[in-house]
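I have placed the structure first, in the form of structure tokens, so that the comments after it can refer back to it.
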Amino acid sequence: MSSFRHAMLTLLAREPLSGYDMKQQMNSRMGPFWKAGSNQIYPELAKMEEEGLVELEVVQQHDYRPARKVYTITESGRQELKRWTMERAEPETIRDEFLLKAYNLWMADPETMMLRLEEKKKEHEEKLRIYLDKVSELNGLLDPSNPQDPILSSLSVVEFGIEYEKLYMKWCSDLASKLKNRQ
């Protein structure tokens, strides 16, 4: 089973969702570490329903809009997600176009690269700001008396994102300083 399916089960384990809502949440809640396109979601939901991992409920709308299809994780889906969560993960490969460009830094104009590093640093500063806002929001929702509150795991992933953004910003600053010192 693919990690994409597990990402979908991860969202459905928290609440029932339509395919549209799932795409929105995948790109917002999971955006820092997982993205999805709509062309992936609906075919996978159909397969997962056939396999008994999710159930579909058609909810009629009260106005002219078409019926809403809402998916819920089944007990079989929960068991699969639990099994997968405890399984060893394969090491990740970083695919970052900017790092690839930095690898060719020796070929570039230092002034231009210092500008690119500043731009990249600003991108990561913005992501950091978003993560910090998210941490504040999640801390407000966290139930400290519930050791299995899903907010705790969400919070830990966002905190990882904060550290990643800080590291990337530091790397940009350090590299820009090295370039400046060589001029």
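Between Lys122 and Glu119 no salt bridge is recorded (no basic side-chain N to carboxylate O distance below 4.0 Å). A salt bridge is absent between Glu97 and Arg95; no separation between the charged side-chain nitrogens and carboxylate oxygens falls under 4.0 Å. Ion pairing between a basic and an acidic side chain is recognised when a charged N comes within 4.0 Å of a carboxylate O; Lys178 and Asp174 show no such pairing. Between Glu50 and Lys47 there is no salt bridge, since no side-chain nitrogen of the basic residue lies less than 4.0 Å from a carboxylate oxygen of the acidic one.
Counting heavy atoms from C-beta outward, Leu81 and Thr85 have side chains that approach closer than 4.5 Å. Residues Glu15 and Thr72 fail the side-chain proximity criterion, which asks for heavy atoms closer than 4.5 Å. Side chains of Leu175 and Trp171 form a contact here, defined as non-hydrogen atoms less than 4.5 Å apart.
The closest donor-acceptor contact from the side chain of Asp96 to the backbone of Leu99 lies under 3.5 Å. Side-chain atoms of Thr74 come within 3.5 Å of backbone atoms of Leu53 as a donor-acceptor pair (strictly under, hydrogens ignored). The main-chain N or O of Thr112 is never found under 3.5 Å from a side-chain atom of Arg116 such that the two would form a donor-acceptor pair. The closest donor-acceptor contact from the side chain of Tyr42 to the backbone of Tyr20 lies under 3.5 Å. With hydrogens and angles disregarded, a donor-acceptor distance shorter than 3.5 Å links the side chain of Asp149 to the backbone of Asp143.
When only modelled atom types and interatomic distance are considered, Gln79 and Glu75 share a side-chain donor-acceptor pair under 3.5 Å.
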Under the salt bridge (Lys or Arg N to Asp or Glu O under 4.0 Å) rule, what do Lys121 and Glu126 come out as? Steps first, then yes or no, please. CA-CA 9 Å; Lys121 183 179 174 190; Glu126 177 59 22; over 6 Å; no

Side-chain donor/acceptor pairs under 3.5 Å, residues 154-167, sequence neighbours excluded:
unit_1 : atom_1 : unit_2 : atom_2 : d
Ser154 : OG     : Pro150 : O      : 3.3
Ser156 : OG     : Ser153 : O      : 2.8
Glu165 : OE1    : His124 : ND1    : 2.3

